[in-house]
There are 2 protein chains.
Amino acid sequence: MAETLTTAALTLKDIAREAGVSLATVDRVLHNRPGVRPDTVRRVREAIERNSFQPHVAAAELARGRARRFAFVMPSGPNPFMQQIEAYLGEMTAWLSARRLNVEMVTTDVFDASVLATSLEALSGDYDGVAVVALDHPTVRAAINDLVDAGTKVVTLVSDVPSSRRHHYVGIDNIAAGRTAGALVGRLVGGRSGKVAVVAGSQGLRDHAERIFGFNQVMASEFPDLSVLPVLEGRDEDARSEQLLARLLGRHADIVGLYNVGAGTQGVAKALSEAGRDKVVFVGHDVTALTRKLLLQGVMDAAISQNPGHEARAAVRVLLALARGEPILREQEKIRIDIVMRDNLP
Amino acid sequence: MAETLTTAALTLKDIAREAGVSLATVDRVLHNRPGVRPDTVRRVREAIERNSFQPHVAAAELARGRARRFAFVMPSGPNPFMQQIEAYLGEMTAWLSARRLNVEMVTTDVFDASVLATSLEALSGDYDGVAVVALDHPTVRAAINDLVDAGTKVVTLVSDVPSSRRHHYVGIDNIAAGRTAGALVGRLVGGRSGKVAVVAGSQGLRDHAERIFGFNQVMASEFPDLSVLPVLEGRDEDARSEQLLARLLGRHADIVGLYNVGAGTQGVAKALSEAGRDKVVFVGHDVTALTRKLLLQGVMDAAISQNPGHEARAAVRVLLALARGEPILREQEKIRIDIVMRDNLP
DNA sequence: CTCAAAATGAGTTGCGTACCTCAAAACACC
DNA sequence: GGTGTTTTGAGGTACGCAACTCATTTTGAG
């Protein structure tokens, strides 16, 4: 009827006694300090294992004295999604200061590899952890690896650099996101046949390219009655997206679905409404003030969302766990692909 | 270019100096201990506010000495969803013991108000916090209020008792969940007209009733071409659900959609397949091993899910924050209504 | 003004760890 | 056996707060 999930509360002193050594030696082993014979290390490690000893987080945190410093390297310029991440970080200030954590925002041009790399190098040594919205480029990869080598914990945020030795990636699987978008468009079109338009920022961006890849995968294999038109590159700008899409709608009367891969949503919506094509199934990304409105109006049918609040908090928690040497709760920190429709708007 | 999100690290000593009182007085104010003049209380509070002082969590935790005890009161009997919650709690053991938190599972018949109330009363005094999957009944409400009055922090889990004075509810808005199911069935049916079947555990269960309410709301207002058949009460049992649904399918050849409100999924799927009605749009709840398989096979079209791992962790975090007197990160602890289709299976 | 009650100050101890120093012991090598 | 080096022990201090005691001051009622 009752079952406990936790073990007895041992202390380092207990471990020392168990292993037949002094506190100092246990401390040396625990912090990988030199001057302990391999055999002794083993004995201590065994005692720790045997009792599944966990250092008391609070005591450790208190004893180390100095506060931890984390940096968030984010894109400069207005980007609603990034602004949301910043806002959610702002809501954590009480939580952060109660733990004596310093989080600093550093903005830079993340789309210029050398600028981004320089910004990253500049952080070296000063920070315990860095979260970065990264461009996947050899120069950036090298900068990340340098940080890691200097002992800084590094987390990539939203956009990954899988080839680097970053400790963790906080973000979604963009291929799966594209597949989800494809499934939604296909299903919501509901058996009709016709054409599907795709508007992206640029196919050069890793996340956009991956989404398109996943989208096409699903469309090709599961919805043969729908043909995907060539991707329009709107550069995430409203005006350009609107113009390109308006022209496309004019040329094809049988467009039944639309996938907007990135931003520029305002322009896309405008092109649709001005062409009187409200029936087109419209799937896009992210829940912002705008997409929220469009969903409620029925202009957009679904949004694929990666919870920005979750991403911000996960990045902080992961950096903290890494810095403390705690295990990461993978399940907790995994960012889900949310399907948001009018009735489950968060 | 760089901006800090946290304030200087003050200590209680600083606050005492600021307020012109001694450490002892600050301590009395902070812990609502008696023997401080109202005017002095005000001065101290102001100093705390003025400097937005946050007690160092680690120091406070270390100083209080004794570990905190939390109890999870869960339904006895096999229930995959509840088992998942327990499993996720189990994955947290390292996290819990590093913070010297004791979590105990207490199983009881949560569907019998007096039994549940007795179980709750039995916990009084022994625990700092209680999470309970609660039946909404006056007896239970009273038991919860008694716990609250005794100083125990109480969180309702999955199923709420809104009329009680519980500190927090960790779970989804079931009306919105039902609405979401309705929107999905309606949209995925794709313009065809016909009938829609609804299978529930019992309309006496608050969450099931709310889901059905939301479902009907959407069907009535937005999908007039679909008519909802009377609810089948399968009592969350496979055999009974299968039998009832099989009979219904036999009587109505024009069933195009199906909403399974609770468990009994196995039986529902079997009835569908044995009647050869694979084309029926099938929307249900929760991602389990079974529903995962059905989604991958294309038998189920979508599942409405409330992330059980998130619920388990949120309950612990909320209880901890309440016990510490920390603010709750509402956005973080809010449970979302997840739409899960084949391509975004977690 | 007196006296008890209330309010406040001053101080102590302990929580479990990190980090440091210094001395002592064990060891390796010739 | 002596030398120098490595390994280990013993102990201390600090971190910020909770919780407590006891002495002292202030306050208010009579």
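Side chains included, hydrogens not; waters and symmetry mates left out as well; all remaining heavy atoms used. Letters go in sequence order (proteins before strands), and every chain restarts at 1.
- When each of L30(A) and R28(B) is assigned the nucleotide of DNA chain C bearing its nearest heavy atom, the one mapping closer to the 5' terminus is R28(B).
- The nearest whole Å value for the distance from the CZ atom in R99(B) to the P atom in dG16(C) is 17 Å.
- Taking only side-chain atoms of R37(B), from C-beta outward, the nucleotide of dA19(D), dT17(C), dA7(C) with the closest atom is dA7(C).
- The CZ-P distance, from R42(B) to dA7(C), rounds to 16 Å in whole Å.
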Could you walk me through whether V57(B) and W95(A) pass the side chain to side chain contact (heavy atoms under 4.5 Å, CB included) test, one step at a time? CA-CA 9 Å; V57(B) 169; W95(A) 191 93; over 6 Å; no
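- Close to dT8(C), at under 4.0 Å from its OP1 or OP2, lies a side-chain N or O of T40(B).
- Across all strands shown, G65(A) has no heavy atoms under 4.0 Å from either base or sugar-phosphate atoms.
- A straight line from CG of L12(A) to C1' of dA10(D) spans 16 Å, rounded to a whole angstrom.
- Side-chain contact between E331(B) and Y88(A) is present, with heavy atoms from C-beta onward closer than 4.5 Å.
- R66(A) places its CZ atom 10 Å from the C1' atom of dC19(C), with the value rounded to the nearest Å.
- Spacing between atom CZ of R33(B) and atom P of dG9(C) amounts to 15 Å, rounded to whole angstrom units.
- In summary, of the residues considered (D149(A), D146(A), V154(A)), a side-chain contact (heavy atoms from CB on, under 4.5 Å) with R165(A) occurs for D149(A) alone.
- Summary of the strand contacts: V21(B) and R64(B) both lie near DNA chain C, and taking for each the nucleotide with the nearest heavy atom, the more 5' one is attributed to V21(B).
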For the pair T152(B) and D128(B), evaluate side chain to side chain contact (heavy atoms under 4.5 Å, CB included) and give the outcome as yes or no after the intermediate values. CA-CA 5 Å; T152(B) 305; D128(B) 301 287; over 6 Å; no
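- The stretch residues 54-63 of chain B touches DNA chain C through L62(B), A63(B), each having a heavy atom under 4.0 angstrom from the strand.
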Please evaluate residues R336(A) and N307(B) with respect to the criterion side chain to side chain contact (heavy atoms under 4.5 Å, CB included), reporting the C-alpha separation (whole Å), side-chain torsions for both, the decisive distance (0.1 Å), and the verdict. CA-CA 10 Å; R336(A) 294 204 174 195; N307(B) 190 331; 3.0 Å; yes
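- Under a 4.0 Å N-O distance rule, the pair R324(A)/E61(A) qualifies as a salt bridge.
- Listed nucleotides: dG9(C), dT17(C), dA10(D). Nearest to the side chain of T11(A): dT17(C).
- Within the structure, every side-chain polar atom (N or O) of T25(A) is placed at least 4.0 Å from both OP1 and OP2 of dT7(D).
- Atom CG in D27(A) sits about 14 Å away from atom C1' in dA14(D), given to the nearest Å.
- Rounded to an integer number of Å, the gap from L10(B) CG to dG16(D) P is 11 Å.
- Distance, L23(A) CG to dT17(C) P: 9 Å, rounded to whole Å.
- Look at dG30(D): its Watson-Crick or wobble partner, with both distances under 3.5 angstrom, is dC1(C).
- Checked by atom type, the side-chain pair R313(A)/Q332(A) shows no donor-acceptor distance below 3.5 Å.
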